[in-house]
Amino acid sequence: EHKGPVFAPPYEPLPSKVKFYYDGKPMKLSPEAEEVATFFAKMLDHEYTTKDVFRKNFFKDWRKEMTSEEKSKITDLKKCDFTEMSEYFKAQSEARKQVKHERIANFRIEPPGLFRGRGDHPKMGMLKRRIRPKDIIINCSKDSKYPEPPPGTKWKEIRHDNKVTWLVSWTENIQGSIKYIMLNPSSRIKGEKDWQKYETARQLKKCVDRIRAQYREDWKSKEMKIRQRAVALYFIDKLALRAGNEKEEGETADTVGCCSLRVEHIKLYPESEGQEFVVEFDFLGKDSIRYYNRVPVEKRVFKNLQLFMENKEPEDDLFDRLNTSILNKHLQELMDGLTAKVFRTYNASITLQQQLKEITNGEDNIPAKILSYNRANRAVAILCNHQRAPPKTFEKSMQNLQAKIDAKKEQLSETKRELKSAKADLKVRRDEKCKKLVEGKKKAVQRIEEQLMKLEVQATDREENKQIALGTSKLNYLDPRISVAWCKKWGVSIDKIYNKTQRDKFAWAIDMADEDYEF
DNA sequence: GTAGGCACTTAGTACACCGAAC
DNA sequence: GTTCGGTGTACTAAGTGCCTAC
């Protein structure tokens with residue numbers, strides 16, 4: 001779009017505290033002369049300003065902008081001191097760099113298309129409408145400039161609500177739910193909330209024994225409602241199940257969480273594979289990811305489950321006297337801020353910390369330590385049932401890696417043979433050249449062994465990770481201070497664990513935690 | 001208690017991107 | 001220059017949990 005030429009902004013005089021010195025004395029310049037002087041000051045760090053031609057030309061042109069009074073005073077460039085001006089500009093550009101413009105997470109409005117949904121979704125294929133300016137609510141501070149809507153259109157509303165964090169919202173037509181534009185995870189507001197979340201989970205650590213004792217006691221309660229609550233809480237704690245809010249039938253895929261489990265989702269085995277009181281879970285959870293697990297439970301839990309299932313059809317609720325609201329109300333009484341999801345955060349983070357303590361070996365080299373970290377991370381991902389589809393290229397890339405390992409092994413034995421013969425030569429000849437050769441080969445063997453080890457570690461790591469997604473727990477469940485502390489303790493660079501985006505998101509933790517941080 | 005509204009976190013997938021290998 | 005393979009990011013659906021009105 002042609003808008004005509006854009007002019008440089010007018011010159012803004014320097015603040016009076018920033019002085020130009022001539023012959024050691026401060027001197028106030030006219031605006032015209034000052035402007036040209038600032039050009040020079042801004043370039044002061046560059047080596048051109050030491051070149052005779054540059055200095056001569058600058059001085060000549062500068063004098064043209066001076067008043068006659070200035071011209072008569074300022075006659076020698078060597079006597080000019082621009083350092084204060086230069087410092088000022090440096091400080092300013094530094095300050096500009098420091099100004100944090102909070103990044104926005106999703107600034108593009110979702111485009112129209114056909115709704116897919118996840119799993120067996122009753123609304124798949126429905127048209128997702130185009131969002132227009134008249135659908136958009138903008139939330140900003142009263143004194144801020146908000147963007148104008150495209151010509152000929154209007155925003156739905158301009159709102160100034162500082163109790164919420166969203167910047168833009170609209171209502172989507174498939175479920176009728178509200179969508180938002182919010183800030184990036186690296187923003188102050190999200191970081192503080194994240195921190196708070198982990199602090200609540202640490203609170204739970206302090207009283208989890210008491211809470212566990214209580215729900216075990218409640219397994220014996222006379223009241224059905226309390227028994228159900230206690231068994232559900234046991235599952236949430238032990239198995240890191242989600243709360244399980246009710247969902248409107250026909251609106252979404254049929255998935256469940258703890259409180260919404262149905263009789264058909266569990267099977268009871270008084271005895272199975274040498275274990276007593278085994279419960280088999282098989283249901284679709286969030287995103288229609290299958291949760292399948294066989295767990296031995298306490299006898300009391302088992303008996304209770306039998307009781308809950310009595311005279312029920314498979315499609316009946318297992319916990320018919322319970323929902324998330326009842327459960328959370330109870331949790332709130334046990335600890336301030338406690339809800340079902342806090343157990344997931346707590347159990348994930350505490351597992352990471354315990355696993356790291358258990359499996360990190362101080363003698364290991366860096367790649368082996370990172371493998372230990374990934375294994376600890378993996379234990380959490382398994383607990384939280386974070387799955388992924390095996391990558392399409394998995395088999396192939398695994399084969400390629402194996403080929404690399406074989407080649408490396410071959411190279412290693414070749415180099416070992418060379419070392420042997422070099423040693424033999426040294427015995428016979430005993431000269432400096434042979435000695436050097438032996439040393440060189442020794443080093444080579446060592447280097448190749450290290451490379452081989454690294455490849456083997458990589459292969460193990462990748463194989464173990466085939467169907468497990470580590471990212472979700474890393475991003476949402478693991479107190480980043482545990483990882484930061486671990487890195488500091490074992491001298492592993494933080495960027496081996498967190499990429500740039502993750503470091504930005506967890507900047508608060510990287511700042512905060514030292515090597516003996518305890519979750 | 002329950003139904004709906006709202007604001008926020010948590011989730012897996014597709015694909016863009018980039019450096020290394022060819 | 002092209003292909004390959006791995007990583008990081010964008011996208012947006014799908015949860016949780018709180019609040020209010022009845």
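If you're wondering where the values come from, they're calculated on a predicted model, not measured in any experiment.
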Taking CG from A:D254 and P from C:dA14, how many angstroms apart are they, rounded to a whole number?
13 Å
Residue list, ring-ring contact (aromatic ring centres under 6.0 Å, His included) with A:Y198, at least two apart or on another chain
none
Residues that A:N328 engages under side chain to side chain donor-acceptor pair (under 3.5 Å), provided they are two or more places apart
none
With sequence neighbours left out, the residues meeting ring-ring contact (aromatic ring centres under 6.0 Å, His included) with A:F519 are none
Using rotation axes that map the C1' atoms of four end pairs onto the next four (five pairs an end), what angle separates the end axes of the helix from B:dG1-C:dC22 to B:dC22-C:dG1, to 10°?
0°
In residues 192-202 of chain A, which ones come under 4.0 Å of DNA chain B, going by heavy atoms?
A:K193, A:K197
Per the under-4.0 Å heavy-atom filter, residues of residues 332-356 of chain A near DNA chain C come out as A:T339, A:A340, A:K341
May I ask you to decide if the ring planes of A:F283 and A:Y291 are parallel, tilted or perpendicular, using 30° and 60° as cut-offs?
parallel
Under 4.0 Å between any heavy atoms, over every strand shown, what does A:E172 touch: base, sugar-phosphate, or nothing? Just pick one.
nothing
Output yes when A:R129 and A:D135 qualify as a salt bridge under the 4.0 Å nitrogen-oxygen rule, no when they do not.
yes
Taking only the side-chain nitrogens and oxygens of A:N106, find out if one of them lies under 4.0 Å from OP1 or OP2 of C:dC11.
no
Answer with base, sugar-phosphate or nothing: what part of the nucleic acid does A:A105 contact at a heavy-atom distance below 4.0 Å?
nothing
Could A:K197 and A:D194 be called an ion pair, given the rule that one side-chain N must be under 4.0 Å from one carboxylate O?
yes
Using OP1 and OP2 only, check whether a side-chain N or O of A:K500 sits under 4.0 Å from C:dT9.
no
Answer yes or no for A:R294 and A:Y269: cation-pi contact, defined as NZ/CZ to six-membered ring centre under 6.0 Å and angle to ring axis within 45°.
yes
A:G257 near the nucleic acid: base, sugar-phosphate alone, or nothing, with a heavy-atom cut-off under 4.0 Å?
nothing
What's A:T165 touching, base or sugar-phosphate or nothing? Going by heavy atoms closer than 4.0 Å.
sugar-phosphate
Between which nucleotides of DNA chain B, read 5' to 3', does contact with chain A run, using atoms under 4.0 Å from its heavy atoms?
B:dC6 to B:dT13
Take atom NZ of A:K123 as the centre, draw a 6.0 Å sphere, and report whether it contains more than 12 heavy atoms from other residues, nucleotides or ligands.
yes
Distance-only donor-acceptor check, side chains A:Q502 and A:K505, under 3.5 Å
no
Within residues 107-119 of chain A: residues closer than 4.0 Å to DNA chain C (heavy atoms):
A:R108, A:E110, A:P111, A:F115, A:G117, A:R118
With sequence neighbours excluded, tell me which residues meet ring-ring contact (aromatic ring centres under 6.0 Å, His included) with A:Y346.
none
Regarding A:K128, tell me which of base, sugar-phosphate or nothing describes its non-hydrogen contacts under 4.0 Å with the strands shown.
sugar-phosphate
Among residues 469-477 of chain A, which residues get a heavy atom nearer than 4.0 Å to DNA chain B?
A:T472, A:N476, A:Y477
Examine A:Y498 together with A:F506 and report whether their ring centres are nearer than 6.0 Å.
yes
With a 4.0 Å cutoff (strictly under), does any side-chain N or O of A:T252 reach OP1 or OP2 of C:dA13?
no
With A:W155, which residues qualify under ring-ring contact (aromatic ring centres under 6.0 Å, His included), at least two apart?
none
NZ/NE/NH1/NH2 to OD/OE distance under 4.0 Å, A:E418 and A:K441:
yes
With sugar-phosphate meaning primed atoms plus P, OP1 and OP2, does A:N245 contact a base, only sugar-phosphate, or nothing at under 4.0 Å between heavy atoms?
base
By the 4.0 Å heavy-atom rule, please label A:K190 as base, sugar-phosphate, or nothing.
sugar-phosphate
Assess whether side chain to side chain donor-acceptor pair (under 3.5 Å) is satisfied between A:H330 and A:R229, documenting all intermediate values.
CA-CA 9 Å; A:H330 170 64; A:R229 197 179 70 192; 3.2 Å; yes
Salt-bridged, A:E223 to A:K225, with N to O below 4.0 Å?
no
Given DNA chain B, 5'-ward residue of the pair A:I178 and A:K329, judged by closest heavy atom
A:K329
SB check A:R188 A:E192 (cutoff 4.0 Å)
yes
What is the distance, rounded to the nearest whole Å, between atom CG of A:N184 and atom C1' of C:dG8?
14 Å
I'd like to check the side chain to side chain donor-acceptor pair (under 3.5 Å) partners of A:R300; sequence neighbours left out, ordered by chain and number.
none
Check the angle between the aromatic planes of A:F115 and A:H121 and answer parallel, tilted or perpendicular using the 30° and 60° thresholds.
perpendicular
